[in-house]
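For reference, the structure is listed below as structure tokens.
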Amino acid sequence: MTKDITVGISGAAGMGMQSISFTLAKSFLRAGYNVFVWQDVMSRIRGGNNTSIIRISTSPVNSIKEEFDILVALDLLAIKRNALKVKADGFLIYDGEKQRAEEPKAGWISVPFEKLAAEAGGDKIMINSVATGAVLALLGADVITECEGVIDELFSKKGAEVVSGNIKAVKAGIAAVTPGVSGKFMLAPTLKINSKNKILINGSDALGLGAVSAGLKFYSGYPMSPATSIMEYVAAKAREYGIVLEQAEDEIAAINMAIGAGYSGVRAMTCTSGGGFALMIEGVSLAGMTETPVVIGISQRPGPATGFPTRTEQGDLNMVLFAGHGDFARVVLAPATAADGPLIMNRAFNLAEKYQVPVFVLSDQYYNDSSFSVDLAEVRVEPVNRGGVLAEFPGSYNYKRYDLSAGRVSPRLIPGAKNQVVYADSDEHTEEGHITESAELRVKMVDKRAGKLAEIVSDMDQPVYFGSEKPETVLVSWGSSFGAVKEAADLLNASGKPAGLLHFTNIWPLPEIKLKFNESAVKRFICAENNYSGQFADLLEKNTKLRFSRRILRYDGHPLTAEYIVGGLEG
Amino acid sequence: MVLASAYNSTDDNAWCPGCGNFGVLQALKQALVSLNLEPWQVIMVSGIGQAAKIPHYLKVNCFNGLHGRTMPAAFGVKMANHKMTVIAAGGDGDAYAEGGNHFVHAMRRNPDITYLVHDNQIYGLTKGQASPTTGLGAITGTTPFGSVDIPESPLAVAVAMDCSFVARGFAGDIEHLSKIISAAVKHRGFSLVDILQPCVTFNKINTREWYKERVYNLDEEADFDPSDRVKAFSKALEWGDRIPTGIIYRHERQVFEDSVFESGAGSLSRQPLVPPNCLDLMRKYA
Ligand SMILES: Cc1ncc(C[n+]2csc(CCOP(=O)(O)OP(=O)(O)O)c2C)c(N)n1
Ligand code: SF4
Ligand SMILES: [Mg+2]
């Protein structure tokens, strides 16, 4: 029996790969399995070749595999581009009547998608349901009840006939796989009870939802993949939760709008990708100078310039760490999975207000566009903490926005308080917030703004550690690489090589790192990350005692996988 | 009753003696007093330049942001505090060059913000370079052989964008300017007031006298109707021997805030923060 299966669903953009993977993922999630879905897509709306990769497992999964056990190819190009990724004992499901490929090879199963869709479902549009059925047959899993439920939710708006047609199409797909092959990848059973607290959610929604649950009140942004979906989440919720959302004319406007709202006392956020963030950078230093809380979400994609727009990379860490002229404090957080997206967002807003600094939430296409199965019992949240925010101030016109007597973080009065005015200034300023030319004040104000970093450190979480107490190999990773690197460490341990994973989601400022394993056993620290140079490894080597004997790096637009990392350890 | 002295600033004024900005400051003060607003009820947002220092020389709430980014910052401010009076200010470079794109989109949104553009047809703070409104042939630090780019007509741009209130004032006529500013603040929607502001140090062409000889008050033109967009457009283009001042175009259209806030709702910044429960939001993904 199989405990872990990978299915690729491939076709031209617009053919509905995502609806197949969603139906499968949801069905197996509800049947008690863990699922994970990544979208490998091209930057086009129609045509080309996109693949939805779904992994189904009896244990937690937050990463994909390089090869497929099953490939559903919806057109010829899908066969051409992906047939080699099917394992030797795997299967390729295609429509032999429609996709006249070269000679079918062993493991190729022809399922006449279009014919069955028309016959069973009554409409050839139901190809996707036939394909879903064919996959279910190979997995031999009894998830038909769950699958019917998912189809009902997806199509009930279109009427009962569409629902029943799709269910019939799924069943036709199941029946089309010959009994000899059917159940070939029989999944090990799991208990439905496992699904009680489980949800299927993508990273973008986890971040958007985290922001909304942190009290986001103002969102401004300019569309850019892969960040747009966060904006669309917030847009859909804006009315219900009293959030003002505006599509700005550019990213410069977006960040300045958010800072204006932040100065005015509401929780504000803007999200973009690296290229858009490049335009925001003067705004970052504006937030630093005016000590205005703002949350900036950066969903990375491979650069430079327009780069590889729909693919993934962790290549913008340096940019985020150093963006903005002058010295000032900032915070950088990077969620590992959708399960900690909300917590990261809650923290981002709390730290932004507590310390009056810009806070970055760094994710990437892999994180944003992947669907994770999340156990709600494991989701942690942080209650709202607004720091020293004041609605009123005693006296008459005596408030000082940058009061130095109060320490590095001055009490923040919301403008509109009776008989007080609040001056925030992008020029070097006095305690009142007026422009100054004083060298003495300049030094005090720089010390105030940059010196906050030392205070923020006390709020930063330690990295998490998983694995052997006496590891020989310690893999180090950050942000969304968590799933793949954890799996690599698990593989090493399973093969008798003691290993561990040290993973960071609180990226900057770095706390003094306390290692929770026996350091003397360690033969090598290895940093694995999704970029060319090892930006996080550089950061750690510069700021901590950690030193790496090797960096495992990937920058082909694909996420790290356990196989890639284990392969990188050899040789 | 609010007294003009309530608006007195404690900050040192850094403008050149005789600068037209003093007239704008005086007119703005008078307008705020006539509107009976207390300093704490007003938020000014400005960019960078000589003009953009104006909030420091008043007593008001102030977000003095980046060069060119006045409009977006003011929009964020207004959305958090839609019950307050938001006035933006900056120079011609700030508004029409670095902030040109934002200016156009602010008019599309139509938030209830008044934008005072101190138009001295030159970059003052950076010591005399050409601006988008610098006249053809003008010799400046960056146009030693004369400016070859045709000047922008910000008022015509505003009428073309269907800006809901478009006016021109002259810093040399404080009474009239103050009335225009009051009308602009009272108007619900985005109001542009382009102010002819002599720069005594760097603009030796468009001097106080030069403007004085040319400006006339539209109120004196009995048949001028500022609600007529086509007529407003040709008035907006009038420049040279005669320069119109006053309200050039005015009409009502949906204010941005009305599309997001229920009538009677208080400012977002004054609401208690009670966000929805995270797990409740997540359960929708079961
Ligand atoms: C991003 C950026 N670019 C350039 C500058 C330099 N700068 C400051 S003010 C200014 C122009 C000032 O002209 P204007 O906006 O007309 O204001 P004025 O001083 O004439 O009132 C420039 C170019 C800056 N501060 N920031
Ligand atoms: S440089 Fe010109 S605009 Fe600036 S203060 Fe002096 S006179 Fe006024
Ligand atoms: Mg100017």
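Chain letters run A, B, ... following the sequence lines, proteins first, then strands; residues in each count from 1. Computed from a predicted structure; not experimentally measured.
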* Report yes if some heavy atom in the side chain of B/P275 is under 4.5 Å from a heavy atom in the side chain of A/V384; otherwise report no. => yes
* **Proximal component of A/V381, with respect to chain B [non-hydrogen, under 4.5 Å]** => side chain
* Asked: Side chain, backbone, both or neither: which part of A/A238 has a non-hydrogen atom closer than 4.5 Å to chain B?
  -> neither
* **Backbone N/O of B/C62 and side chain of A/Y263: donor-acceptor pair under 3.5 Å** => yes
* Answer with side chain, backbone, both or neither: which region of B/M84 has an atom nearer than 4.5 Å to a non-hydrogen atom of chain A? => side chain
* Is the shortest heavy-atom distance from the side chain of A/D425 to the side chain of B/F63 under 4.5 Å? -> no
* To do: Taking atom CZ of B/F256 as the centre, report whether more than 12 heavy atoms of other residues, nucleotides or ligands fall under 6.0 Å from it.
  => yes
* Asked: About how many Å separate CD of B/E38 and NZ of A/K418, when rounded to the nearest 0.5 Å?
  -> 7.5 Å
* Quick one: are B/M79 and A/V266 in side-chain contact, heavy atoms under 4.5 Å? -> no
* For the residue pair B/H102 and A/I252, establish whether any side-chain heavy-atom pair is separated by less than 4.5 Å. => yes
* Asked: Do B/Y285 and A/F372 come within less than 4.5 Å of each other through their side chains, counting heavy atoms only?
  -> no
* Among A/A424, A/P342, A/G265, single out the residue with the greatest number of heavy-atom pairs under 4.5 Å to chain B. => A/A424
* **Interatomic distance, A/S264 atom OG to B/N61 atom CG [nearest 0.5 angstrom]** => 9.0 Å
* Do A/N256 and B/F75 come within less than 4.5 Å of each other through their side chains, counting heavy atoms only? -> no
* Which portion of A/Y233 sits near chain B, non-hydrogen atoms under 4.5 angstrom -> side chain
* Structure fact -> When the 4.5 angstrom heavy-atom criterion is applied to A/T292 and chain B, the contacting part is side chain
* Can you find a heavy atom in the side chain of B/N64 that is under 4.5 Å from one in the side chain of A/I435? -> yes
* To do: Evaluate the side-chain proximity of A/D427 to B/I48: yes if any heavy-atom separation is below 4.5 Å, no if none is.
  => yes
* Measure B/L268 against the heavy atoms of chain A and call it side chain, backbone, both or neither at under 4.5 Å. => both
* For the side chain of A/S213 and the backbone of B/C278, is there at least one donor-acceptor N/O pair under 3.5 Å apart? -> no
* Where does B/K83 contact chain A at under 4.5 Å (heavy atoms): side chain, backbone, both or neither? -> neither
* To do: Please answer whether the main-chain N or O of A/L376 pairs with a side-chain N or O of B/R283 as donor and acceptor at a distance below 3.5 Å.
  => no
* Under a 4.5 Å heavy-atom cut-off, does chain B meet the side chain of A/E249, its backbone, both or neither? -> both
* Structure fact -> Bottom line for B/L273: the part with an atom under 4.5 Å from chain A's heavy atoms is side chain
* Which bit of A/E432 comes within less than 4.5 Å of chain B, counting heavy atoms only: side chain, backbone, both or neither? -> neither
* Asked: In terms of heavy-atom proximity below 4.5 Å to chain B, should A/A258 be classed as side chain, backbone, both, or neither?
  -> neither
* Asked: So how far is it from B/E98 CD to A/E282 CD, rounded to the nearest 0.5 Å?
  -> 7.0 Å
* Asked: For A/R267, is it the side chain, the backbone, both, or neither that has a heavy atom closer than 4.5 Å to a heavy atom of chain B?
  -> side chain
* **Heavy-atom contact with chain B under 4.5 Å, split by part of A/Y423** => both
* Okay, side chain of A/R30, backbone of B/A286: is any donor-acceptor separation there less than 3.5 Å? -> yes
* Asked: Once you round to the nearest 0.5 Å, how far does CE of B/M282 lie from CG of A/D205?
  -> 9.5 Å
* Checking heavy atoms, do the side chain of B/R108, its backbone, both or neither come under 4.5 Å from chain A? -> neither
* What part of A/K196 gets closer than 4.5 Å to chain B, counting heavy atoms only: side chain, backbone, both or neither? -> neither
* Heavy-atom distance under 4.5 Å to chain B: side chain of A/A214, backbone, both or neither? -> backbone
* What part of A/Q247 lies closer than 4.5 angstrom to a heavy atom of chain B: side chain, backbone, both or neither? -> backbone
* Side chain, backbone, both or neither of A/V422 within contact of chain B (heavy atoms, under 4.5 Å) -> both
* Structure fact -> Turns out that what part of B/T10 lies under 4.5 Å from chain A's heavy atoms comes down to side chain
* Between A/S220 and chain B, which part of the residue has a heavy atom less than 4.5 Å away: side chain, backbone, both or neither? -> neither
